[in-house]
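Below is one structure, written out as structure tokens; comments come after it.
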Amino acid sequence: MPELPEVEVTRLSFAGRIAGATILGLQMGKPLRWPLGCDPAQLLGHTVLQVRRRGKYLLLDTTGGLLLIHLGMSGSLVFAADLPAPGKHDHFDMRTSAGCLRLHDPRRFGAVVYAPGEDDAGARKLLGRLGVEPLGPDFDALAFHAALQLRQTAIKQVLLAGEVVVGVGNIYASEALFMAGIRPTVRAARLSKPRAARLHAAIREVLAQAVAKGGSTLKDFSNAQGESGYFQLEARVYDRAGLPCKVCGAPIRSMRQGQRSTFFCVNCQKP
DNA sequence: CACGGATCCTGATGGC
DNA sequence: TGCCATCAGGATCCGT
């Protein structure tokens, strides 16, 4: 999926334009990860108030309730005045007075879920266990270290789980661990305070940089204006197996952790 | 209950 | 219009 930066860039690319718009039509395509959870007709006539983000979820606040949008692995949003008829991978279309919002998601791991409000059980089920926002004021190095002390799993898998800190996906997890000089296999609980602090800083840096650059290391990412990622953020380790480390020259290694690829430098990242 | 693995789905890629 | 195996940005659910 789009990781936090891609979701945030998507949000920024249409939040201002859709705010204040009236919902005129809502159409679902093939089933997504979860059902919408309401009759689409019940949202008609309501107004979109704002678009927020929590982790990798986008939250559309409307006068008729909340729409939670997740892009899964392959999802992207488009928001435009006019859109062609939905294609085979367009599974959510919302027509508004300001334009049409469309979710394109070939793999359909994404979702659009309705909830009356953020405190509703349905919303809490999706958002309730999420960790702290890495770019927000609550992401604190000492608290981060303390939370890691409770986890016996490899640090990379703790990052991906999103229960300590949200938004770090498979690419940025490898990148942040490289920047912090930490081997992805280290048990989270074994990280010292200084190392946890370095990782804390690396996560903020890599995510903030990606947002600032408008997007992405992702090959096929595009924001809701249809602009594609700029490839400005060159990965230091992700997808570079066998290539020389940009710092020390040693070949980057790859391994599997929890069915996901991990990339690291055996020289620069200490166990 | 914490952890590891299987699982959802489609498309791209590379080996044969 | 070749076929098959493998892999891909996520995260939930289930068994141990």
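A, B, ... follow the sequence lines: proteins, then strands. Residue 1 opens every chain.
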**OP:** Hey, which sits more toward the 5' end of DNA chain B by its nearest nucleotide, A/Gly258 or A/Phe109?
**Re:** A/Gly258
Original post:
Between A/His89 and A/Arg33, who's closer to the 5' end of DNA chain B by nearest nucleotide?
Top reply: A/Arg33
**OP:** Please determine which of A/Val168, A/Ile182, A/Asn170 meets the side-chain contact (heavy atoms from CB on, under 4.5 Å) test together with A/Lys156.
**Re:** A/Asn170
Subject >> Separation of atom CE in A/Met255 from atom P in C/dC7, rounded to whole Å >> reply: 14 Å
Subject >> A/Lys88 side chain near B/dG11 phosphate (N/O to OP1/OP2, under 4.0 Å) >> reply: yes
Original post:
Taking only side-chain nitrogens and oxygens of A/Lys30, does any of them come within less than 4.0 Å of OP1 or OP2 of B/dC9?
Top reply: no
Subject >> Residue that, paired with A/Arg53, satisfies salt bridge (charged side-chain N to carboxylate O under 4.0 Å, His left out) out of A/Glu133, A/Glu6, A/Glu3 >> reply: A/Glu133
**OP:** Indicate, with a heavy-atom threshold strictly under 4.0 Å, whether A/Gln259 touches base, sugar-phosphate, or nothing.
**Re:** base
Subject >> Base C/dA8 paired with A/Arg107 side chain (donor-acceptor, <3.5 Å) >> reply: yes
Subject >> Any-strand Watson-Crick or G-U partner of B/dA2, both distances under 3.5 Å >> reply: C/dT16
Original post:
With a 4.0 Å cut-off on heavy atoms, is A/Arg256 in touch with a base, just the backbone sugar-phosphate, or nothing at all?
Top reply: sugar-phosphate
Original post:
Is there a side-chain contact between A/Met179 and A/Glu205, using heavy atoms and a 4.5 Å cut-off?
Top reply: yes
Original post:
Given side chains that start at C-beta, do those of A/Asp120 and A/Leu66 come closer than 4.5 Å, heavy atoms only?
Top reply: no
Original post:
Between A/Ser261 and C/dA8, does any side-chain N or O lie under 4.0 Å from OP1 or OP2?
Top reply: yes
**OP:** Report the distance from atom CD of A/Gln152 to atom C1' of B/dA2, rounded to the nearest whole Å.
**Re:** 9 Å
Original post:
Got a donor-acceptor pair under 3.5 Å from the side chain of A/Arg108 to the base of B/dC9?
Top reply: no
Original post:
For A/Ile69 and C/dG10, what is the distance between atoms CD1 and C1' respectively, to the nearest whole Å?
Top reply: 16 Å
Subject >> Spacing of A/Tyr57 atom OH relative to C/dT12 atom C1', expressed in whole Å >> reply: 9 Å
Original post:
Between A/Lys125 (NZ) and C/dA11 (C1'), how many Å, whole number?
Top reply: 12 Å
**OP:** Answer yes or no: is there an ion pair linking A/Arg54 with A/Glu118, defined by an N-O contact shorter than 4.0 Å?
**Re:** no
**OP:** Take atom CD of A/Gln157 and atom P of C/dG10, then tell me their distance rounded to the nearest Å.
**Re:** 13 Å
